[in-house]
Amino acid sequence: MLSLVKPYIAPKEEMMPALEEILYSGYIAMGEAVGNFETKFGNYIDNERVLALNSGTAALHIALCLLNVGNGDEVISTAMTAEPTNTTIALTGAKVVWADVDVKTGLLDPESVRKKITEKTKAIMLVHYAGMVCNMDEFNKISEEFNVPIIEDTAHALGSKYKGKMVGSNSRFTCYSFQAIKHLTTVDGGAISFLNDEDMDEAAKLRWFGLNKKVSRLDNDIKRAGFKYGMNNVNATIGMVQLKHINEVIGRHIENGRYYDSALKNIPGVTLIPYYENTEPSYWLYTLKVENRDDFCRMLKDAGIEASQLHHRSDTHSVFQQSKCDLPALDQFYSEFVHIPCGWWVSDEDRERIVDLIKRGW
Ligand SMILES: *Cc1c(COP(=O)(O)O)cnc(C)c1O
């Protein structure tokens with residue numbers, strides 16, 4: 001079966017010696033290797049203000065904590081995402097306020113977000129779903145106009161661009177995931193990037209119980225209790241080897257995505273998704289809209305190709321019951337969208353076969 005997702009692990013000859021060395025080095029906790037990974041990853045996203053964490057969930061939670069989001073506050077978010085985007089908001093005690101999506105893209109609709117802003121709004125959570133980038137031109141305007149910060153959940157969108165720059169230095173907080181099936185995996189892990197040093201220093205404390213690594217343990221005074229959210233040297237070492245291949249891995253997602261963008265044009269029953277001005281997707285998944293989706297998925301499955309929605313909309317969970325509201329554009333998008341395989345493991349032959357099958361109809 002040609003799958004929708006697959007972990008990329010660098011060749012054994014590169015990975016195993018590095019892993020063996022760190023495992024028996026006597027220093028496997030958060031140390032130098034983590035700092036080296038942060039430097040390398042920072043180079044990749046073109047933002048040196050970055051902290052490595054043990055998950056993307058930790059990154060989201062830290063961003064919310066830095067904004068002091070808590071009981072009585074509201075965070076505007078999307079239901080068109082994986083669960084951690086919104087469970088982390090719930091963890092703080094704040095209310096998730098759903099905004100609707102743009103029916104053409106499935107990404108948050110700036111007009112809907114604008115309507116949902118109140119005095120209680122502490123943050124806008126943007127998800128670059130499947131690697132497609134949100135309408136940042138509009139969201140930046142809204143953020144400025146209402147003085148509400150943006151948190152970018154970019155778990156799906158490493159390597160995507162806004163105005164020619166990597167997603168990662170546009171908003172006050174950008175959150176990454178290195179979970180198994182993401183573009184870059186460290187087995188499990190995450191990172192958060194910042195625009196200023198104060199946020200970064202405070203986050204560095206929150207990731208390590210509230211302790212300040214720059215001061216000796218004896219002179220430390222915890223003012224705010226933190227978490228145990230740091231990455232360790234083992235995952236960081238894996239990440240460093242993985243990063244050597246990041247351009248070829250993400251490059252292949254992008255090549256395949258662009259191939260579909262042109263090869264799937266003008267096919268009856270298929271609607272392609274437009275990308276916003278100044279944005280370039282990194283195609284973690286390829287997303288399209290089809291008529292008779294169940295039949296479409298069955299046809300591909302019979303040919304050995306996985307196709308599905310992969311994610312379930314988040315607003316149906318009981319934990320978000322109080323947030324229930326009408327989301328007509330999401331209803332519409334959700335009934336039509338589907339993903340087809342597009343990652344580094346999809347060969348030229350595979351993608352041509354997929355397009356041929358779709359052209360023949362379902
Ligand atoms: C994977 C993912 C995360 C973070 O997941 P972790 O497993 O904690 O790294 C956050 N948001 C989205 C949309 C994701 O897909």
Side-chain angles (χ1 to χ4, degrees), residues 4-8 34 37 41 45 50-65 75-92 96 98-99 101 105-108 123-134 150-160 167-168 171 173-193 203 206-207 227-232 235-236 238-239 242 250 253 281-287 308-317 319-320 330 333-334 337 339 342-343:
L4 275 180
V5 293
K6 190 171 184 168
Y8 174 84
V34 174
F37 174 75
F41 184 72
I45 59 166
V50 57
L51 292 175
L53 304 172
N54 57 16
S55 72
T57 303
L60 293 165
H61 195 203
I62 283 186
L64 292 160
C65 290
V75 176
I76 298 176
S77 184
T78 179
M80 190 64 212
T81 183
E83 287 77 3
T85 310
N86 296 305
T87 51
T88 46
I89 299 171
L91 270 182
T92 67
V96 175
W98 305 118
V101 301
T105 63
L107 303 175
L108 271 187
I124 298 167
M125 181 72 86
L126 295 181
V127 178
H128 304 305
Y129 183 79
M132 301 179 284
V133 182
C134 293
I150 289 172
I151 301 171
E152 292 184 51
D153 178 346
T154 198
H156 290 185
L158 186 62
S160 66
V167 166
S171 301
F173 306 106
T174 306
C175 302
Y176 306 84
S177 168
F178 309 136
Q179 187 264 346
I181 59 171
K182 304 295 161 69
H183 277 122
L184 173 74
T185 180
T186 58
V187 179
D188 246 330
I192 179 166
S193 64
L206 281 182
R207 86 169 157 175
F227 310 96
K228 172 68 187 293
Y229 277 170
M231 185 177 272
N232 63 54
N235 293 101
I238 293 172
Q242 296 284 75
I250 293 185
H253 281 254
S282 61
Y283 302 93
W284 182 53
L285 302 163
Y286 192 81
T287 315
S308 80
Q309 295 95 291
L310 202 66
H311 295 98
H312 193 275
R313 57 190 283 177
S314 293
D315 56 336
T316 52
H317 290 289
V319 71
F320 303 123
L330 178 63
F333 182 83
Y334 195 75
F337 88 99
H339 299 300
C342 163

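The residues of the chain are indexed from 1 along the displayed sequence. Whatever order the structure lists ligands and atoms in, that order sets their numbers, starting from 1.
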>> Using a 4.0 Å heavy-atom cut-off, which part of Thr57 comes near ligand 1: side chain, backbone, both, or neither?
In response: both
> Has the side chain of Gln242 got a donor or acceptor atom that lies under 3.5 Å from a matching backbone atom of Thr185?
Replying inline: yes
> What orientation do Phe320 and Trp98 show, parallel under 30°, tilted 30 to 60°, or perpendicular over 60°?
Replying inline: perpendicular
> Counting each atom of ligand 1 from 1 as listed, which ones have a heavy atom of Thr81 under 4.0 Å away?
Replying inline: 13 (C)
> Taking the side chain as C-beta and beyond, is there a heavy-atom pair between Val5 and Leu285 under 4.5 Å?
Replying inline: yes
>> Could you tell me, atom by atom, which parts of ligand 1 come under 4.0 Å of a heavy atom of Gly189?
In response: 9 (O)
> What is the closest protein heavy atom to atom 2 (C) of ligand 1, and at what distance does it sit?
Replying inline: Lys182 NZ, 2.6 Å
> With atoms numbered from 1 as shown, which atoms in ligand 1 lie under 4.0 angstrom from a non-hydrogen atom of Ala82?
Replying inline: 12 (C), 13 (C), 14 (C), 15 (O)
> What protein heavy atom sits nearest atom 5 (O) of ligand 1, and how far away is it?
Replying inline: Ser177 OG, 3.6 Å
>> Counting only nitrogen or oxygen atoms and a 3.5 angstrom limit, does Gln179 reach ligand 1?
In response: no
> In terms of ring plane angle, is the pair Phe227 and His61 parallel, tilted or perpendicular, where the classes change at 30° and 60°?
Replying inline: tilted
>> For His311 and His339, take the angle between the two ring planes, folded into 0 to 90°, and tell me which bin it lands in: parallel under 30, tilted 30 to 60, perpendicular over 60.
In response: perpendicular
> So which heavy atom in the protein is nearest atom 15 (O) of ligand 1, and how far is it from that ligand atom?
Replying inline: His156 NE2, 2.8 Å
> Under 4.0 Å from ligand 1, counting heavy atoms only, is it the side chain of Ala155, its backbone, both or neither?
Replying inline: side chain
> Under a 4.5 Å cut-off applied to non-hydrogen side-chain atoms, are Leu158 and Tyr176 in contact?
Replying inline: yes
> Is there a donor-acceptor contact under 3.5 Å from the side chain of Ser55 to the main chain of Ala58?
Replying inline: yes
> Can you list the residues that meet the salt bridge (Lys or Arg N to Asp or Glu O under 4.0 Å) rule with Asp188, with sequence neighbours excluded?
Replying inline: none
> Which residue from Thr154, Asp153, Thr185 reaches closest to atom 11 (N) of ligand 1 through any of its heavy atoms?
Replying inline: Asp153
> What do you reckon, are the aromatic ring centroids of Phe333 and Tyr129 less than 6.0 Å apart?
Replying inline: no
>> I'd like to know if Glu83 contacts ligand 1, where contact means a heavy-atom distance under 4.0 Å to any ligand atom.
In response: no
>> Regarding ligand 1, does Asp188 bring an N or O atom to under 3.5 Å of one of the ligand's N or O atoms?
In response: no
> So which of Gly56, Pro84, Ala59 gets nearest to atom 3 (C) of ligand 1, if we judge by its closest heavy atom?
Replying inline: Pro84
